[in-house]
Amino acid sequence: MVNTTSAPSGPSAPAALTKVSILGKETILVGLGLLDYLVNDVISNVVASTYIVVTDRNIARVHLSPLVNALQAEIQRKYSDSTKPRVLSYVMPPGEAAKTREVKSAIEDWALANKCTRDSCFLALGGGVIGDLIGFVAATFMRGVPFIQIPTSLLAMVDSSIGGKTAVDTPHGKNLVGSFHQPERIFIDLNYLRTLPFREFVNGLGEVIKTAAIWVEEDFDLLENHPEQILALSQGADGGVDSEEVQLLLRVILGSVRVKAHVVTADEKEGGLRGLLNFGHSIGHAIEAILSPEMLHGECVSLGMVREAEIARHLGFLNDVAVGRLVRCLQAYGLPVSLEDKIVKQRVPHKHCPVDQLLDIMRIDKKNQGDKKKIVMLAGIGRTVEPRASVVPDDVIRKILSPAMQVTPPSASSSVDIKVPGSKSLSNRALVLAALGEGECRLHGLLHSDDVQVMLDALQKLVGITFAWENDGETLVITGGGGRLRVPSKEVYLGNAGTAARFLTTVCALIPTGRDGIETAVVTGNPRMQQRPIGPLVDALRNNGVNVEYRGKEGSLPLEIKPNGSGLPGGLIKLSASVSSQYVSSILISAPYAKEPVTLDLSGEHVISQPYIDMTIAMMDSFGIKVDRVNGTNTYKIPRGVYKNPANYYVEADASSATYPLAYAAITGSRVTVTNIGSKSLQGDAEFAIKVIAAMGGKVEQTETTTTVQGPTQLLPIETIHMETMTDAFLTASVLAAVAMGKTTTKITGIANQRVKECNRIAVMVEQLARFGVTASELPDGIEIQGIDRALLRNPEGGVKCYDDHRVAMSFSILACALPKGGNAIIKEKKCVEKTWPAWWDALQNKLGVSLAGIDLEDEKQELKAPAANDAAKSATSDLSKPVINDATVVLIGMRGAGKTHAGKAAAKAFSRKFIDMDHYLEESLQTTIPEFIADKGWDEFRRQETVLLGEALTKFPTGAVIACGGGIVETPEARRLLKNWAGLEAGASRRGLVVHVKRDIQDVSAYLSQDKTRPMYGEDMINVWNRRKAWYRECSVHEFVIVHSDAENWPAVESDLAKFLTFILTKQQGGSSVLPGNVPAPPSDSFFVSLTFPDVEQALPLLDKISEGADAIELRVDLLSSHDEESVGKQVALLRRHSPLPIVYTVRTKAQAGKFPDADHEHRYNLLVAGLRWGCEYVDIEIDGFSHDQLDALVAAKSNSYIVASYHDMTGSALWEEQGHGSSLLGNQKAQQSVAIRFRDVYDKLNPYADIIKLIGFATSMEDNFALQRFRASLPAAAKPLIAMNMGSLGQLSRALNLVLTPVTHPALPTRAAPGQLSIAEIYRLRTLIGLTQPKQFYLFGAPISQSVSPALHNSGFTALGLPHQYDLAESSDIAFVKDTVDAAVKAGTFGGASVTIPHKQDVIKHDVVQHLTPAAKEVGAVNTIFSREDPATGMATLWGDNTDWIGMHSAISEAAASLPTSSADQRTQVIGVVLGAGGTARAALYTLQRLGCDQLRIWNRTPENAAPLVSAFGATYVPDLSTLLAPPSSTTSTNPSAIFYIISTVPAPAQSQLGLDALFTTTHPTTATGVVVDMAYRPKITPLLSIVTKNTSWTCIPGIEILIKQGLKQFEIWTNRKAPEAVVRENVASNCTKEGLPNPKLLPQQLKLISVATMLKSIPLVVVDGSLDIVWDNLVVCLDTRQYMSPVLINKSFKSAVYRRRKWLMIAQAAHL
Ligand SMILES: NC(=O)c1ccc[n+]([C@@H]2O[C@H](COP(=O)([O-])OP(=O)(O)OC[C@H]3O[C@@H](n4cnc5c(N)ncnc54)[C@H](O)[C@@H]3O)[C@@H](O)[C@H]2O)c1
Ligand SMILES: [Zn+2]
């Protein structure tokens, strides 16, 4: 390869040096080991006084010294005098982030300081970043100095170093400032690639493949055929110049280099040629704009190439084969080919690429022609349609990029010929036969799928065939090896190709002997393949005398086959063929090459899939070997011989695929000919046209190799059709039957196996047909379809859901063609067709003439939208809007007695789902009781039925149900498989629903069960049962719900815990930038979590409300708990979830990270983290140290809706937030320091792939460390993941105040701080205020009279508790002008925070335009009680909003109280009646509230009916004139459902109440069984006349007005500050404020007085009762005055606790105490 003519003097040129010319000069030098050559050339030919080598830290570590030393040595040799040139070096930080003007200036300043002059020369040693930056430095330094490119990354070698483009990035975008400056030399030395990280290497290969794809087909062939060798160098192979890997790599790199050099040179004349190198970049760049930095450039280009090739295919320029080759080639190097790829999903789980956004980004591409988008159009591998990019219309791009396809029926029928893709089974067989055969064979019509590719690669290794593609890949020319086999030098890797694995195992057995040093053949596959069975085949071969060993798991790949000297012995071979017919085919195909003729005996076995065996035998016949099946037996005789390759072999088309175009003809009345399948076919589905279409009235003509259908004007139903021989085609038949009209329905039978395909196809067919308005139902082994007039066919609402099943997608795209004019259907997941017909959509449009449009579905987009932080209307009322819940059916498993049924019922009710108790379901289906069934049929049969029926239930109710299983469901492997399939835990299964293990302490279960005598007892000790099943429950479930403290009294709490848990795990994940997962509302710009530092959560409970005030989440520090035992930790989580409404941050911190968990116990820590995810903790904090990639991937895969906080703590205090470059004068000492120091940037990159949120904690030793941290934060891209970054230590406190996302905080009431320097929320806000980060705001109460208001106490105490600098004051005036002036002035001054509004201004602030916008609530109520300010995102100006929180106060108070009321029984809902007393201003809000609470009936009473009239009509209420009938039972009351629930809201002022005769309310008409909640909006006195009447007559829950006042105030606080109010403090303050004012006048209820006196008498008894309003405390006794809302759960004597909680019981205590 030596190609150098004018080698400079000095050491001779290396063996492989190639010069490439660019712009007329041979300045590109490519080879391996160029160092000597380089220094010689540079020192001799690029004369300079100073050589400045610039590189980055990664590269400096290995490559800087050798280069600098070699340069110096060369100078030493060349220059003898004293004026020797200098060599300086400069090391800069690595990565794109350093490609800035700042780094450029730093280098320039350093060079100037070192007196570098005009005759300096820069050497850019590094990747594209160094090349671009140093090129630019050289271009401008002293108005331009020479520079030399020494690219070290593959990308730099083939792309960035060539062409002279130099640039730096700016905050506005990449490469925006730069110039053209050609390097003097470009030395491309492959040796550098040995240290390049693998991912970077592959990244560069993206560009290499791109160049080959557009320019050099031979290079593409090499890339396609030799991925292992080409990747070898960067995977540690130490190949020398002559090695295969280096030669191949050199060759493909040179290919790219030549193309780039040529294009750069030629482009000056031929404009646009350079644009060709942009193949894959138009779309790739748009993707990169969204997915970088997680995804690298080459990876995005890979995604772009596939899409752009699909565009070319869609436009008819490129064939399917070429797209397939491109896709497989990229995949072979581990590059992503679709946004759904695992690689993409793992790297960027939270970013999405909406089609609109991609098109938007593409619109501003500078390579566009005006508005038109340009894309490089591939015409085949190695060539393009034009010598430049081509203009492509938007709708085409949209069609290809969109996840869904809209199908519009054709306007006229047509007549077309169409070819369908080849059959996979036939392709595989043909390849092996031709490879073993003698002579050349042209295989036509092969399917281009992964499996076929794998087979081809393996055959090459084993048989030594050669092959080539002809006709653009339409034909494969194979020259067979005639049965001469060799031991492959490397393992034969088969991916997940089952057929190849089975066929080739026997082929390996044919190898007679080993060869020099290679004694065995090894066959292996991917992890999934290593699970799949091969045992029966191996057994058969072993019995025949073949040496086969399992290398790993018994019964599966990898296999090691050692030649026995003579190959397969032959003779009688016995085989078990009940698992797979592929074993039979495998032996059949290889049998002719055995030593003795083979007799294959399958007798005594149930042989499955006979048609496939027949297919193999027929094909062997085509290749010259006749197999004899002994009459009527399962014994085959195969003669010895060699296959004779036919000159041409036409692989038959896939008959199942052919059904779609034929069905198209049938449904549209068109004429379609499939040109490559006919009556000669061996495939069952080839009979579809005759047996189905003809029977439905179509005209069918079939030749041996073609099939033509002419569709009728109207399809007819077939009464019953048995499709056992063509089961896959039943979907096609079903869509035809949907529009087949006649006297009967169409029944399709014999297709039971279709329940276990990609999805349950029968159920899916029924479900999706219904969307078109077609009724169908399931039969035991089939489906029945009621055809309708096609005029009645509906557009399927929301689109057709395909369950990732290609056949569902293709079938329904056919049905869409029958829609009436103007109709259309959206087929979701359009990509799924690729499995068997990648070009299906192109064929549908281009061949069949259907018009298609790409759709990015609206609902999917909704999910992706980031919550709008500034959406004021939403922020004010969002707490009541329901999150989007995934409706998949939830299955509960767990021990009997764990509470599955109770909990399941409650959950079903909470989510309005159907509840299915499998015990009942069983008894109903089996028509007997379970004990009887077991007694009769035994346990085995019971378990079998249980599994069958669970499967049935899941089929019938795949969504919208909660199913509680029997405890023993996990006992059989079949049932476990079913559960795991449902949960997506079975390898290859996609998750459809959820399986939750309900786990209750086994002692509690035992106690519970001992009370229940109605159920059969465990036949054995329960602990044994539990120990046996424990692991199974775990294996089958995704989540675990732990039940704690589950006695009857606490059961309601268990139910609400479960509802909370399910809401979280079922809530669809929001995309975008929300910090909080699932249903947790997005926090304001600043958020906090408080760390619990207790050894036991139980201890923290009394303090929980207090310490979590103001916090957005609460951290459970598992490592600080006294027990790390998984069961015990689970209970702690459950306890915390019960007692705090906040999301849980679940953390296991190791000692090395300032925690307590043992550093070395990675396994236990890992298990605890997995458990945290299973328990549905909202955040799980993970330190990745100590875990393998696989473990981390598994954690990410298991996380469901949880967010992973990937964290790192620097305990050494030496980790660096930022890194400066440094020059060679400092090199010695700095280098030492820099190589040990930890850089947060590196840590960040390491954590990023696994994180949803990244947490980096340093240690501040100076204030400067905090500033460095801020600069680090600012250097991250805008779209980076949320970052928690802080410095520990007191000097780091500033960084805590500056961290805005989930700042960890302490609370004064906590025993210890979780970290040194940790602050409380109040401290942080005070600090933020002092440094001006938080601005003090003024808040007002407008109204009159208001002097007695408790609002100032409420809000100001909240502000103080959180350290907020705000002030709330009264602004008393009844003049609305005053209100407007005050607000306007404050807004102008920038001090306006918000305002409360009360009488008389509530309506006037709307009328007088004090506010500019109203929230929906304020609009409907027609009154404003809250004013808040939000920035208008469009103008950046503050705008004022009016809201109404009164109704929220009432709403939440009533719903809380109602939660403990007895409600509906399973089949009857109790009527809820809303009643409003009074018709004043508040009455509107009251009615609005009751309406939102879902009351069945609204009643209103007012003294003057006229005033109530407008309300009656506005809310559809009933006016009741008479108080005595106001609470009359509802008319629907029956004897079986006699009760009713009343929600009463009184808006009548207290003084007026006494005169109304309210006693009349509780007359005889009032049903005694009714219950209710009464809210009195009046709050002075506290116990109003109404409330005392209610208390006297009923045990209903009373809610005094002060409670509503507080609740609406808390809501206001939240709206104004974006922060939950510290409720306990606020309540305390409001209470003492009332007391101070002497309010309310303590007119106590008689019972209360009694208790006080009793208590006074019993002073010595340690009794604690709590009062929220009066603050009356006698020793240990506090008096409980009113409702439970007032009680904070301060320590209360245990037996007393529940009593105090429940008001009704409280009265009993009062009485008891009286005794
Ligand atoms: N000028 C052009 O025409 C042109 C063309 C394409 C790309 N680019 C630019 O190139 C840059 C990307 O180049 P890149 O992918 O080489 O990135 P890069 O320079 O950041 O290198 C990638 C990573 O690999 C490391 N690395 C490089 N060589 C190594 C080696 N031999 N051993 C160990 N580590 C090594 C680097 O330190 C870095 O961390 C982008 O800024 C892009 O804009 C420019
Ligand atoms: Zn590129």
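Being a predicted model, the structure only gives us computed values, none of them experimental.
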Gap separating the [atom1] atom of [X] from the [atom2] atom of [Y], nearest 0.5 angstrom:
| X | Y | atom1 | atom2 | answer |
| --- | --- | --- | --- | --- |
| E1506 | Y1519 | CD | OH | 8.0 Å |
| L1490 | W1447 | CG | CH2 | 11.5 Å |
| D1443 | T1426 | CG | OG1 | 5.5 Å |

Just wondering, do [Y] and [X] contact through their side chains at under 4.5 Å, heavy atoms?
| X | Y | value |
| --- | --- | --- |
| I1545 | V1475 | no |
| P1352 | L1370 | yes |
| I1541 | V1573 | no |
| M1450 | M1577 | yes |
| L1354 | N1629 | no |
| L1586 | L1477 | yes |
| L1487 | L1498 | yes |
| V1405 | I1376 | yes |

Correct closest heavy-atom pair for L1440 and V1410 would be CD1-O, 3.7 Å
Using 4.0 Å as the upper bound for N to carboxylate O, is an ion pair formed by [Y] and [X]?
| X | Y | result |
| --- | --- | --- |
| K1607 | E1456 | yes |
| K1402 | D1446 | yes |
| K1060 | D1057 | no |

Is there a donor in the side chain of Q1612 and an acceptor in the side chain of H1355, or the other way round, less than 3.5 Å apart?
->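 Yes, a side-chain donor-acceptor pair sits under 3.5 Å.
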S1396 and Y1368 side chains, donor-acceptor separation under 3.5 Å = yes
Verify side-chain contact (heavy atoms from CB on, under 4.5 Å) between R1503 and L1556, making sure each step is shown before the conclusion.
-> CA-CA 9 Å; R1503 213 157 25 169; L1556 299 178; 3.9 Å; yes
Under the salt bridge (Lys or Arg N to Asp or Glu O under 4.0 Å) rule, collect the residues that match up with E1623, sequence neighbours excluded.
->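 Only R1627 meet the salt bridge (Lys or Arg N to Asp or Glu O under 4.0 Å) criterion with E1623.
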May I have the step-by-step check of side-chain hydrogen bond (donor to acceptor under 3.5 Å, both in side chains) for Y1488 and R1484, ending in yes or no?
-> CA-CA 6 Å; Y1488 179 74; R1484 256 193 117 79; over 6 Å; no
Go through the structure and list residues passing side chain to side chain donor-acceptor pair (under 3.5 Å) with Q1553, not counting sequence neighbours.
-> D1576
In Y1340, W1441, F1339, F1359, the residue satisfying ring-ring contact (aromatic ring centres under 6.0 Å, His included) with W1616 is F1339
Does NE2 in H1413 sit with more than 12 non-hydrogen atoms of other residues, nucleotides or ligands closer than 6.0 Å?
-> yes
